[in-house]
Amino acid sequence: MIRPLSPLVAIAALVSVACAETEPTVVLTARQQVAVQKSAEANLRIHAIVLTLRDAAGVEAAMPELCRCAAIRNIQSRHLRGAFRSRTEQRAVFAEFGWTEELEMESKYQLGRLAANGFYGSATLAAYYALPAEYARPVEPTPAASPTEELLLLLRTVHDTATADAAAPRVAELFAALSATGTTPQHIRAYAPEAESVVRELHGEFMSLQAVQFYGSAALKNIWHDVTPQE
């Protein structure tokens, strides 16, 4: 005959199961917590700067601050060696300090945008991303094979108020032509890591233009009015 478990044994069994199903909480030292905070702040600052890079002059002006933030991040990373058991665990901790997985993906979009624009001719910026100087050569635009690709090439030409105003009418025309396919300002604005390559590139260009307030071009900004917060 099987005897029922005593209350104490039953409670112990339940606690054991609960502990087995719950991953241990990350325990960081005070120094490691400071390192996470400083690293997250550096990542956020770098991302904010990169969003605004759209020409050679902007890259040259931004490099000292980018390098300063990268140095802070690299120093802090030494204090975090072995602190996390997995990337998932690390992302969860960093998210508590504002550096989310979504922003991490956005930063990859922006690296793709800069590479597609030849790092605006800056070998220094290419080296910042640990890439050789040949990545910083001007990119010869290939003929657009579709309206979506034409839209991408057009947005890449925007680097000041004049070019923003000049591009706006054609941007509006392209969106009107593409609306039937679902390629709308809302579609481009949405964060979608699973989207096709050209849509991800368009998203990166839009985020960069938004960061510089569309260079003050009301004509270009109004195209995105349904998804851009009002100021």
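It should be emphasised that the depicted structure is a prediction, and the values quoted were computed from it without experimental measurement. Below, all heavy atoms of this structure are taken into account, side chains as well, without hydrogens, waters or symmetry copies.
Identified under the salt bridge (Lys or Arg N to Asp or Glu O under 4.0 Å) test for residues 114-127, with sequence neighbours left out: none. Within the structure, the salt bridge (Lys or Arg N to Asp or Glu O under 4.0 Å) test picks out the following pairs touching residues 161-171 (sequence neighbours left out): Glu150-Arg170, Arg170-Glu173. The ring pair (Phe, Tyr, Trp, His ring centres under 6.0 Å) analysis of residues 161-183, with sequence neighbours excluded, yields the pairs Phe175-Trp224.
Heavy-atom neighbours of Glu101 CD from other residues, nucleotides or ligands within 6.0 Å: at or below the threshold of 12.
Qualifying salt bridge (charged side-chain N to carboxylate O under 4.0 Å, His left out) partners for Arg113, counting only residues two or more places apart in sequence or in other chains: none. Residues satisfying the side-chain contact (heavy atoms from CB on, under 4.5 Å) criterion with Pro147, sequence neighbours excluded, are Leu174, Leu178. Residues satisfying the salt bridge (charged side-chain N to carboxylate O under 4.0 Å, His left out) criterion with Arg87, sequence neighbours excluded, are Glu104. Partners of Ala71 according to the side-chain contact (heavy atoms from CB on, under 4.5 Å) rule, which considers only residues two or more places apart in sequence or in another chain, do not exist here. Checked against side-chain contact (heavy atoms from CB on, under 4.5 Å), Val93 has the following partners two or more places apart in sequence or in another chain: Val26, Leu28, Val36, Phe84. Taking Glu96 as the reference, nothing meets the salt bridge (charged side-chain N to carboxylate O under 4.0 Å, His left out) condition, with sequence neighbours excluded. Partners of Arg200 under the salt bridge (charged side-chain N to carboxylate O under 4.0 Å, His left out) rule, at least two apart in sequence or in another chain, do not exist in this structure.
In terms of heavy atoms, Ala35 sits closest to His79 at CB-CB, 3.9 Å.
Hydrophobic cluster membership of Val27, counting Ile, Leu, Val, Met, Phe, Trp and Tyr whose side-chain heavy atoms lie under 4.5 Å apart directly or via other members: none, as it forms a cluster of its own. Side-chain contacts under 4.5 Å among hydrophobic residues (ILVMFWY), followed directly or transitively, place Tyr135 together with Ile46, Ile49, Val50, Leu53, Val59, Met63, Leu66, Leu111, Leu114, Phe119, Tyr120, Leu125, Tyr128, Tyr129, Leu131.
A donor-acceptor contact closer than 3.5 angstrom is absent between the side chains of Ser86 and Thr88. A donor-acceptor pair shorter than 3.5 Å cannot be found between the side chains of Arg81 and Gln32. Remark: the Asp160 side chain and the Thr163 side chain contain an N/O donor-acceptor pair separated by less than 3.5 Å. The closest side-chain donor-acceptor pair between His159 and Arg54, if any, does not fall under 3.5 angstrom.
Contact of the Arg189 side chain with the Gln210 side chain is registered, since non-hydrogen atoms from C-beta on lie closer than 4.5 Å.
Ion pairing between Glu41 and Lys38 fails under the 4.0 Å rule for side-chain N and carboxylate O.
At distances below 3.5 Å, at least one donor-acceptor pair connects side-chain atoms of Gln110 with backbone N or O atoms of Gly204.
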